[in-house]
Amino acid sequence: FETVKTTSPDGLVLVGWFIPGKNGATIMVQHGSPGGRQDGLFEAFFLNQAGYNILLGSFRAHDECEGEIITFGYYETQDIKAWHNYLLNRDDVNSEKIALFGESMGGGTSILYAAGNPGIQALATGSAFGLTAEVVEKFIEFETDIPPVLIPLLAKMIIFWAEQIGDMDSNELYTQNVIADVSPVPVLIIHGGNDDKIGAAIGQQLFKAAAEPKDLVWFEEAGHVNFEEFYPDEYQNALVGFFDHHLLNQ
């Protein structure tokens, strides 16, 4: 592998790993929050074994990257753009065979990026979400023992302060509103039926909102981004099969 760097459009230095493959196609693997490039090593291993170049690119304010504020996709789309441009400038990357796989926040950010940017040939997500009131309420319930009656109010306060600190509009992070714009690029939604961190319903909502071509892989016993703990073979086969079909026409 190579330790690689790129710079976001707003000037932040980002770090990642590039793992060369053999079939000429490349998959960008984007992590969740908190986290870093190491979080995608499980997927990187079997996707690279299947022949793919892998780019494990980290987001701002994560890993060893510059930046201090996490905006759950609002500015992180600039980071994916930087990594995408990095790949386009490599001689060993086929620009017509680049795909995205994102987990959790990385999944939501990948949806936002693919919905507005040409050049991605396939998009897969695991436990993806946007910063909606529903997601924040579920996360508060997961992390705290606050009385349920107070959760909606606290969620509104969190979103409000996130918008102020990040100088952003959370309405632009509603992945359900933009995922249809990814079409005609194929989309694979992977979600767990026991996702108690952001809620199982989010996966169903994303799939319903997406336009064809689309697929849903539902792992009923899995929680948040832990599919390999419950369905390792099925999970691997779903991702490899999706990318083989849409990047290699197999």
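Quantities reported herein were computed from a predicted structural model and do not represent experimental measurements.
Taking 4.5 Å as the limit, some side-chain heavy atom of L123 sits within range of a side-chain heavy atom of I111. Considering only heavy atoms from C-beta on, P186 comes within 4.5 Å of F242 through its side chain. For the pair I27 and L55, the minimum side-chain heavy-atom distance is 4.5 Å or more. At least one side-chain heavy atom of T109 sits under 4.5 Å from a side-chain heavy atom of I80. Two residues are said to be in side-chain contact when any heavy atoms from C-beta on lie closer than 4.5 Å; F243 and L248 fail this criterion. Looking only at side-chain heavy atoms (C-beta outward), K5 and E64 stay at 4.5 Å or farther from each other.
Other residues sharing the hydrophobic cluster of W161, ordered by chain and number and joined by side-chain separations under 4.5 Å: F160. Other residues sharing a hydrophobic cluster with I69 under the 4.5 Å side-chain heavy-atom criterion for ILVMFWY residues are I165. Taking Ile, Leu, Val, Met, Phe, Trp and Tyr as hydrophobic and joining them when side-chain heavy atoms fall under 4.5 Å apart, one finds V15 isolated, its cluster having no other members.
A donor-acceptor pair is defined here as one N or O able to donate and one able to accept, closer than 3.5 Å; such a pair exists between the side chain of H31 and the backbone of F59. Judged by distance alone, with hydrogens and angles left aside, the side-chain atoms of N94 form no donor-acceptor pair with the main-chain N or O of A25 at under 3.5 Å. Judged purely by atom type and a 3.5 angstrom limit, E221 has no side-chain atom pairing as donor or acceptor with the backbone of F219. Between the side chain of N226 and the main chain of E229, no donor-acceptor pair closer than 3.5 Å is present.
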Below 3.5 Å, can you tabulate the donor-acceptor pairs from side chains in residues 141-157 to any protein atom, sequence neighbours excluded?
| unit_1 | atom_1 | unit_2 | atom_2 | d |
| --- | --- | --- | --- | --- |
| T144 | OG1 | I140 | O | 2.8 |
| T144 | OG1 | I146 | N | 3.4 |

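Rounding to the nearest 0.5 Å places CH2 of W83 at 13.5 Å from CD1 of I98. Atom CZ of R60 and atom CG of D79 lie 4.0 Å apart (nearest 0.5 Å).
With hydrogens and angles left out, the side-chain atoms of S127 and H191 include no donor and acceptor closer than 3.5 Å. Remark: the E163 side chain and the S170 side chain contain an N/O donor-acceptor pair separated by less than 3.5 Å. Between the side chains of E76 and T71, at least one donor N or O lies within less than 3.5 Å of an accepting N or O.
The stretch residues 130-140 participates, sequence neighbours left out, in these side chain to side chain donor-acceptor pair (under 3.5 Å) pairs: E134-Q205. Applying the ring pair (Phe, Tyr, Trp, His ring centres under 6.0 Å) test to residues at least two apart or on different chains, none of the pairs has a partner in residues 163-183. Sequence neighbours left out, the pairs with a member in residues 236-247 that pass side chain to side chain donor-acceptor pair (under 3.5 Å) are Y52-D244.
Scanning all heavy atoms of the two residues, the minimum distance from L14 to S58 falls at CB-O, 4.1 Å. Summarising the geometry of I120 relative to A122, their closest heavy-atom pair is CG2-O, 3.3 Å, with the distance given to 0.1 Å. Here the shortest heavy-atom pairing between G130 and T175 reads N-OG1, 3.7 Å. Listed here is the closest heavy atom pair of Y74 and T77: O-OG1, 3.4 Å. Of all the heavy atoms in E103 and Y235, the pair that sits closest is OE2-OH, 3.6 Å. Across A222 and F227, no two heavy atoms sit closer than the pair CB-CD2, 3.8 Å.
Scored by the side chain to side chain contact (heavy atoms under 4.5 Å, CB included) test, S183 finds A211, P213 as partners (sequence neighbours excluded). Residues passing the side chain to side chain contact (heavy atoms under 4.5 Å, CB included) test with P20 are F18, N53, sequence neighbours excluded. The side chain to side chain contact (heavy atoms under 4.5 Å, CB included) search around A210 returns I179, K214, not counting sequence neighbours. For S104, the side chain to side chain contact (heavy atoms under 4.5 Å, CB included) criterion is met by F129, H224, V225, not counting sequence neighbours. Listed by chain and number, the residues in a salt bridge (Lys or Arg N to Asp or Glu O under 4.0 Å) with E172 amount to none (sequence neighbours excluded).
Remark: E68 CD is loosely packed, at most 12 non-hydrogen atoms of other residues, nucleotides or ligands lying under 6.0 Å away. The neighbour count for E96 CD, taken as heavy atoms of other residues, nucleotides or ligands under 6.0 Å away, does not exceed 12.
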Margin query: Let's go through R90 and E2 carefully: what are the C-alpha distance in whole Å and the side-chain angles of both, what is the deciding distance for salt bridge (Lys or Arg N to Asp or Glu O under 4.0 Å) to 0.1 Å, and is it a yes or a no?
Written below: CA-CA 13 Å; R90 286 187 67 112; E2 302 173 41; 2.8 Å; yes
Next item on the list: Could you please spell out the steps behind the side chain to side chain contact (heavy atoms under 4.5 Å, CB included) verdict for V240 and L47?
Entry: CA-CA 6 Å; V240 173; L47 289 170; 4.0 Å; yes
